[in-house]
Amino acid sequence: MRLDKIAAYFTDNSSLVALQIVEGVLHRMNLVISEGEKQQAIVMYIKFFQYLGKSILEDKEDIPEELLVWSKQNAEHQVTSGGKISEIAVRYPPTRAVFADLITKLSDDFDISLREWTTIITRFNSMLDISLNETILAFEKLSERYKEKTKKELAERSAPVVLIQEAVAVLPLVGEIDSYRASYIVERVVPSISDLQLQYIIIDYSGILHLNQEIARYLKEIGDSLVLLGIDVIVTGMRPELAMTVVNSGMDMSGYKTFIHVKRALDWINSKID
């Protein structure tokens, strides 16, 4: 059978065919990638064509495990590097086109009929479709995990508790405080503060980029929670635009001592201690 011959060709010449596919796609897309990435793709396509040959011989539409792993690795690379899934997806149509050209050229050598040509193309495209689907699914799952991890890391960095002297600490609020970070402070930071045996805590707002009424209420909740723990709360760095947001939210923060910056607050605390 002619299909047997071309299946054997893919198996015996998998390295050559893999190189032709990878270089053909790069040329068609005018794409430049690192030598390491190119070699990784070639190795993957070597296994791909060995499996394709086996699939044609045994008439089984299976998929190599290595291809699924490679697809997931592509997705992971895009997620961690901040890339888009489209950067991977756009390579699949040229791959199909390059393979179709290759099969067309091999048709004369192996006297492949139109029906056999269609069978090979269909099997090839089926394997590519599985790879693409696996890549997209992995990208979506990993993106969500990566976002959650990043949000947690940013939350931890946005509200570090800094012990500056005995019984006195600063809680500098940094960056964009959203509901996730505010909840993190309420649920994680406040309980940890209670273990420090503080008398005073300075909540410094100078590093906050923006403040809306919802977040202002969260921050008021944080201050009230610390007061209930027996800690004197002092507010610093409240810029005029932030103060207006607090006022417009209807919250009463008159119970907190306020200063322009941390040094003034610390001077006041030391005068009280002395």
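Because only heavy atoms are used, hydrogens play no part in the values below, and waters and symmetry mates are left out as well, while side chains stay in.
Looking only at distances, no side-chain donor or acceptor of S126 sits under 3.5 Å from a matching main-chain atom of T122. Remark: side-chain polar atoms of S131 are not paired, donor with acceptor, to backbone N or O of M127 under 3.5 angstrom. With S225 contributing its side chain and E221 its backbone, the two residues share a donor-acceptor pair below 3.5 Å.
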Q: Check the pair D129 / R96 against side chain to side chain contact (heavy atoms under 4.5 Å, CB included), numbers first and verdict last.
A: CA-CA 10 Å; D129 288 339; R96 300 179 200 275; 2.6 Å; yes
(Q) side chain to side chain contact (heavy atoms under 4.5 Å, CB included), that's the test. Do I208 and L219 meet it? Break it down for me. (A) CA-CA 12 Å; I208 292 182; L219 297 180; 4.0 Å; yes
Q.
side chain to side chain contact (heavy atoms under 4.5 Å, CB included) for Y45 and W70? Distances and angles first, verdict last.
A. CA-CA 10 Å; Y45 274 110; W70 180 63; 4.2 Å; yes
Q: Go through the steps to decide whether D224 and R217 satisfy the test salt bridge (charged side-chain N to carboxylate O under 4.0 Å, His left out), and finish with yes or no.
A: CA-CA 10 Å; D224 291 346; R217 283 190 286 270; over 6 Å; no
Q: Show your reasoning for whether salt bridge (charged side-chain N to carboxylate O under 4.0 Å, His left out) applies to D101 and K105.
A: CA-CA 6 Å; D101 289 345; K105 293 176 182 176; over 6 Å; no
Q | Verdict with reasoning, V190 to L229, per side chain to side chain contact (heavy atoms under 4.5 Å, CB included) | A | CA-CA 9 Å; V190 171; L229 292 174; 4.1 Å; yes
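Put simply, the side chain of L52 reaches to within 4.5 Å of the side chain of R123, judged on heavy atoms. Counting heavy atoms from C-beta outward, L226 and I203 have side chains that approach closer than 4.5 Å. Residues K38 and E23 meet the side-chain proximity criterion, which asks for heavy atoms closer than 4.5 Å. Taking 4.5 Å as the limit, some side-chain heavy atom of I6 sits within range of a side-chain heavy atom of I103. Here the side chains of R91 and I33 are in contact, with some heavy-atom distance below 4.5 Å. With contacts defined as side-chain heavy-atom distances shorter than 4.5 Å, the pair Q40/Q73 qualifies. In this structure, the side chains of Q39 and I42 come closer than 4.5 Å at one or more pairs of heavy atoms.
Using cut-offs of 30° and 60° for the angle between ring planes, the F259 and W268 rings count as tilted. Taking the six-membered ring for Trp and thresholds of 30 and 60 degrees, Y9 and F110 have ring planes more than 60 degrees apart, a perpendicular arrangement. In this structure, F49 and F10 have tilted ring planes: the angle between them lies in the 30° to 60° band.
When all heavy atoms are compared, the tightest approach of V161 to A169 is CG1-CB, 4.0 Å. Across all their heavy atoms, R28 and V98 have their closest contact at NE-CG2, 3.6 Å. When every heavy atom of M29 is checked against every heavy atom of V90, the shortest pair comes out as CE-CG2, 3.8 Å. In this structure, L163 and V168 approach most closely via the heavy-atom pair CD1-O, 3.3 Å. Contact between A265 and I234 at its shortest, heavy atoms only, is CB-CG2, 3.9 Å. Closest heavy-atom contact between S107 and W117: OG-CD1, 3.5 Å.
I88 CD1 to Q78 CD: the interatomic distance, rounded to the nearest 0.5 Å, is 4.0 Å.
Here the rule is side-chain contact (heavy atoms from CB on, under 4.5 Å) with Y200, and of Q165, K272, K257 only K272 fits it.
Within 6.0 Å of CD1 in I260 there are 12 or fewer heavy atoms belonging to other residues, nucleotides or ligands. In the displayed structure, H27 atom NE2 is contacted under 6.0 Å by at most 12 heavy atoms of other residues, nucleotides or ligands. Counting non-hydrogen atoms of other residues, nucleotides and ligands closer than 6.0 Å to CD of E241 gives a total above 12. Atom CZ of R264 is surrounded by 12 or fewer heavy atoms from other residues, nucleotides or ligands within 6.0 Å.
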